[in-house]
Amino acid sequence: MYAEILIEYPSKKIDKYFTYKVPFNMQEYLQIGMKVKVPFNSKVVYGFVINITNNFNSEYELKEIDSIVDKELILNKELIKLGHYIKEKTLCPLISAYQAMLPSSLKIKEINTNYNYYKTYLLLDKNEYIINEYILNNKRGKKQNELLQDILNEKKVLKNRYNYSLVKSLINKGLIKEVKEQEYRINKSKDRGIVKYELNEEQKYAYEVIKNTNKFETFLLEGVTGSGKTEVYLNLIENVINNGKTAILLLPEISLTMQVVNRFYAWFGSSVAIFHSQLSNGEKYDEYLKILRGEVSVVIGTRSAIFMPLQNLGIVIIDEEHSDTYKQESTPRYNAIDVAKFRCNYHNVPLVLGSATPLLETRSRAIKGVYKHLFLRKRAGLSNLPQVKIVDMQKEREKGNFIFSEELIKNIKEKLEKKEQMIILLNRRGFSTIITCSYCGYTYKCPNCDITLTYHKSTNNLRCHYCGYTTKKSDMCPNCWHDGLNYLGLGTEKVEMELKKLFPKMRIIRMDQDTTTKKGSHEKIINDFKNYQYDCLLGTQMISKGLDFPKVSLVGIINADSTLNIPDFRSNERTFSLLYQASGRAGRSDILGSVIIQTFNPDNTVLKCVENNNFNYFYNYEMNIRKILKYPPYYYLIGIKVIDKDYKKALESANKICTILKDKLDKTSIVLGPSTHSLFKANNMYRFSIVIKYRFDNKIMEVLKYIDEMYLYDNTTKLEIDIDPVHI
Ligand code: ADP
Ligand code: ZN
């Protein structure tokens with residue numbers, strides 16, 4: 001018996017199978033998908049069994065497999081096939097695809113740690129009759145009797161509840177014994193008193209349509225914020241479980257959506273496993289075991305949860321499908337939505353993509369009928385959509401208001417008096433290399449690509465990192481002729497200080513990268529805010545998603561422009577989605593909510609669409625830009641980074657690649673660059689980027705593979721190919 005092994009070393013240089021002999025005593029157990037140890041180049045390394053065969057002809061003596069690492073841990077047939085798909089789709093080494101599927105506690109470095117978690121229990125070691133006799137005669141052993149009585153009542157008790165010598169004396173008498181049992185670190189039970197809403201008409205329609213689908217089909221569930229998408233998910237998953245099948249629900253970031261997760265625990269209790277990066281290694285290990293052993297029916301998690309080895313999958317639901325977090329930005333550069341399609345296709349079951357602001361690519365597919373389009377147009381329950389007001393910060397500056405507008409201050413005061421809550425959002429700082437005018441909000445844009453130019457200090461000029469367009473930075477703002485050109489930037493701490501100056505009594509909690517490094521800190525902030533220990537939640541875009549606070553009646557957005565200015569063709573889309581979702585936080589119960597958006601560009605179409613709550617208008621406007629400038633969904637994109645520590649070599653390689661691409665690709669494909677990457681020099685490495693835009697090009701993968709292989713054995717130049725990138 002022979003086995004083909006994929007060595008666990010993520011390099012394309014050994015991205016192939018090596019054949020080993022299976023020792024006689026292992027033949028009975030060895031299965032495809034198992035992790036094994038094998039001798040390789042005078043070392044012992046880890047690998048996966050990809051194939052087992054009986055006949056193999058070799059001229060030389062083959063080595064034997066050393067041992068099996070874990071009999072429980074097996075990549076099943078589906079996942080093995082999925083690995084090949086990911087390799088083809090993202091051009092990664094096959095082993096990287098498999099590594100992405102397993103929790104880190106099961107990867108090489110840590111495999112020696114035993115993550116199994118045990119608790120010790122005490123049981124009776126004699127029959128009840130003897131124990132009762134003992135208790136009757138043991139008049140002075142009150143503590144002993146209590147312990148024995150506890151076991152009589154509860155059958156088994158946790159050892160650490162009792163005094164050590166007490167336990168020991170009873171064990172020595174042969175009356176009780178201890179047993180170790182494996183336990184899971186996370187253990188939730190159902191909430192029997194849970195409120196299950198009766199679905200409203202739109203919810204019911206969406207639920208029925210999806211429920212009655214018994215083949216692979218992708219649905220876009222487009223529902224305004226607060227329309228009750230979660231309720232639809234819960235019902236769909238309950239239905240799947242009742243049919244003896246399993247479900248995966250992906251969320252963008254679990255820590256921010258524990259409210260949602262807790263709702264699933266309440267419905268399904270210990271049938272739920274969760275999987276995300278904030279779990280400890282032990283917790284991940286346990287959750288993974290539950291799944292492998294078939295003890296759970298639902299997995300809720302972030303991106304990598306899409307790989308969980310559930311059998312008999314019945315549905316996959318991806319909430320907030322527009323989120324960037326579904327794309328992995330390092331090898332393997334997969335998108336969880338593509339993986340979900342593979343799995344749903346494999347199991348022949350529906351895939352649900354949910355969002356209030358779906359990606360343009362997704363929505364256009366739904367409009368074309370590639371996906372089935374379902375809507376939730378009304379908010380569930382009582383609440384109405386909030387009133388949105390745009391404030392012109394240029395006028396405010398003239399009045400001397402730099403951070404907060406009059407309108408926002410007035411509103412904050414009002415809400416404080418009414419004892420309602422508010423959320424103040426500081427848009428992410430964006431690139432520090434963006435120059436903006438502090439008088440009029442002007443930023444430089446590329447005339448070819450309509451994206452913000454980045455500033456290069458060394459040459460004092462501004463460049464487009466897509467096409468390489470360059471222009472000089474002037475001293476005066478070319479728009480208002482003031483001397484106001486500055487780097488972009490305003491921090492949450494500064495805003496907090498200023499708020500405290502204006503409203504000394506206001507209770508403010510800040511949520512940003514600094515205040516959320518500790519495990520569980522997100523949840524604590526959210527709970528404290530929900531319990532009205534604070535009046536104001538101040539934070540970065542982290543706070544815009546998925547939160548449901550009934551007492552929040554005001555959302556203030558301090559600097560709406562900064563995401564608009566990020567040099568990426570998706571920045572309009574991201575800004576719209578961020579502001580629209582953030583607005584959705586206001587007025588989630590019976591209080592009418594208001595939203596105030598501060599900007600230097602009050603006439604900006606994206607902001608107008610947020611003001612009018614008009615996703616349709618935004619969609620058409622942005623689709624038109626995408627069409628003119630040849631961006632997705634009209635064209636597909638590929639980003640190539642060329643990295644070298646030698647500037648000249650990096651540029652040479654990048655030029656050479658561009659020439660090859662232009663020569664070999666279809667004439668309808670567009671090759672842009674090389675241009676300096678936005679992280680032009682980092683860690684002493686120079687980066688150039690090349691962007692390919694294409695529509696139909698059946699040679700493209702072949703050409704990319706060719707280029708990739710050209711640099712496989714190059715000692716200095718590294719390539720990073722990103723297919724369907726979310727950032728370029
Ligand atoms: P979304 O995820 O679409 O933004 P949620 O699922 O958070 O919306 O639901 C918003 C609110 O509406 C929640 O508080 C939820 O409990 C409530 N809700 C959902 N469905 C119903 C319903 N059918 N009837 C009454 N309230 C509902
Ligand atoms: Zn450009």
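Whatever order the structure lists them in is the order used to number ligands and atoms, beginning at 1. Count residues from 1 along the sequence.
- Shown in contact with T225 at under 4.0 Å from a heavy atom are these atoms of ligand 1, numbered in order with element: 4 (O).
- Residue G228 approaches ligand 1 through these ligand atoms, each under 4.0 Å from one of its heavy atoms: 1 (P), 3 (O), 5 (P), 6 (O), 8 (O), 9 (O), 19 (C).
- Of all the listed residues (P550, G223, A380), A380 holds the heavy atom that lies closest to atom 19 (C) of ligand 1.
- Note: an N/O pair closer than 3.5 Å links G226 and ligand 1 by distance alone.
- Within ligand 1, counting atoms from 1 as listed, the ones closer than 4.0 Å to a heavy atom of N200 are 23 (N).
- Below 3.5 Å of separation, one finds no N or O of E231 facing any N or O of ligand 1.
- For F375 and H373, the distance between ring centers is under 6.0 angstrom.
- Test K372, R363, K229 against E222 for salt bridge (Lys or Arg N to Asp or Glu O under 4.0 Å) and you get one pass: R363.
- Checked against side chain to side chain contact (heavy atoms under 4.5 Å, CB included), Y205 has the following partners two or more places apart in sequence or in another chain: V209, L374.
- Proximity of the aromatic rings of Y233 and Y207 is defined here by a centroid distance below 6.0 angstrom, and this criterion is not met.
- Atom CD of E407 has more than 12 neighbouring heavy atoms from other residues, nucleotides or ligands inside a 6.0 Å radius.
- The shortest side-chain heavy-atom distance between L499 and M506 falls under the 4.5 Å cut-off.
- Contacts with ligand 1 closer than 4.0 Å are made by heavy atoms of both the backbone and the side chain of T230.
- The heavy atom nearest to atom 20 (N) of ligand 1, considering only Q203, K196, E320, is found in Q203.
- Only the backbone of E198 comes within 4.0 Å of ligand 1, counting heavy atoms alone; no side-chain atom from C-beta on gets that close.
- Applying the side chain to side chain contact (heavy atoms under 4.5 Å, CB included) test to N614 and every residue at least two apart in sequence or in another chain returns N612, N616, Y617.
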